[in-house]
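Here the structure is laid out as structure tokens; the discussion comes afterwards.
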Amino acid sequence: MSPRTRRTPATPVALAVTAILSVQFGNAIAGGTFSEVGSLGAATLRLVLAASILMLVIRPRMRGWSRRTWAGVLLLGVGLGGMNALIYLAIERIPIGVAVTIELLGPLAVAVAGTRRARDLAWVALAAVGVLLLGIDRGGALALDGALYAAAAAAFWALYIVASARLGATSDDRPAPRGVDALAVAMVVAAVFVAPFGATQATDAVVANPTLVAVFAGIALMTSAVPYALEFIALKTMPTRVFGVLSSLGPAVAALAGLVVLGQVLSVLQLVAVAAVIVASVGAVVSARQSRDRPAVVLPLD
């Protein structure tokens, strides 16, 4: 086995973990702006600025893209827009750790659909237990609309993962998207998809406080431009089921971000849940290394 083959699994894992850290801490920061700009206004500012940054930096080459590639980019954009807007609507109504926990059902569903071995199912089951523990609200009451928004965000996250993987594995005779070209164009689609719902809130807030543009430029980098680019690159070489289980770090990082950024104190039960999720994620990565010669699982969209 060549040195390059031995190094391959580590790189996409590092990219995915960095993306998760960036997006969850960015979400915690963004949550503090909802009283001023609103959840949909925040999502609109985040996506519009992220799309602008990516288009300026990447300057995607779209000439020669096939219909299949364009269809994949449109689906990727819808996934990005839906998961961003809906998770912000959820965070506005329920705690960030609970919202991200429910949202994790999306990648977990992808992981279950793609698994082939009992050992992998065991890691998924352990991650699910951690998610359920982390989602327990000590107050006992959970806003139903917030939970439903988070569940809808989960469905769009699953669409995003599958669409990303299919774009990375395109096999038609037309040129495949270069680097993160497809991601940049999909971010524009996401911004156009969400803007009609939050443009008024965003515009009114920026007129009242122009510094919000600078604030959301930073948030866009943390929560959209950088993490989605890293995830898109990682999914080119990482099986979708492994990425789905690895993404179970999201609730743990969200809880940590809540503690560091928002001063939220973790309960003993939450710490146990965090440990369970991390162990499941590490187990999934180790399992992937042990079977690294197996081809990536690409799930059908229909």
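The chain is numbered in sequence order, starting from 1. Heavy atoms only: backbone and side chains are in, while hydrogens, waters and symmetry mates are out.
- Side-chain atoms of Ile91 and Ile87, non-hydrogen and from C-beta on, do get closer than 4.5 Å to each other.
- Note: the hydrophobic cluster containing Val192 does not contain Met187 (ILVMFWY, side chain heavy atoms under 4.5 Å, direct or indirect links).
- Checking each of Leu76, Asn84, Leu75 against Tyr160 for a side chain to side chain contact (heavy atoms under 4.5 Å, CB included) leaves exactly one that passes, namely Leu76.
- Cluster membership for Val48 and Val215, using ILVMFWY side-chain heavy atoms within less than 4.5 angstrom, is not shared.
- Using a distance-only test at 3.5 Å, with no hydrogens or angles considered, no donor-acceptor pair links the side chain of Ser22 to the main chain of Thr18.
- For Tyr88 and Tyr149, the distance between ring centers is not under 6.0 angstrom.
- Considering only heavy atoms from C-beta on, Asn27 comes within 4.5 Å of Arg46 through its side chain.
- Val189 and Leu54 fall into different hydrophobic clusters, defined by Ile, Leu, Val, Met, Phe, Trp and Tyr side-chain heavy atoms under 4.5 Å apart, directly or through other members.
- A salt bridge links Asp145 to Arg93: one of the charged nitrogens lies within less than 4.0 Å of a carboxylate oxygen.
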Would Val185 and Trp70 satisfy side chain to side chain contact (heavy atoms under 4.5 Å, CB included), going step by step from the backbone distance to the final call? CA-CA 10 Å; Val185 178; Trp70 276 110; 3.9 Å; yes

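- Within the 4.5 Å cutoff, the side chain of Phe197 has no heavy atoms near those of the Thr44 side chain.
- The shortest side-chain heavy-atom distance between Thr33 and Phe216 falls under the 4.5 Å cut-off.
- When side chains are defined from C-beta on, Asn209 counts as touching Glu36, because their heavy atoms get closer than 4.5 Å.
- Listed for the Gln24 side chain is no donor-acceptor partner under 3.5 Å among the backbone atoms of Ala254.
- Pro60 places a side-chain heavy atom less than 4.5 Å from the side chain of Met55.
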Run the numbers on Leu74 and Val78 for side chain to side chain contact (heavy atoms under 4.5 Å, CB included), then give the verdict. CA-CA 6 Å; Leu74 290 174; Val78 171; 5.6 Å; no

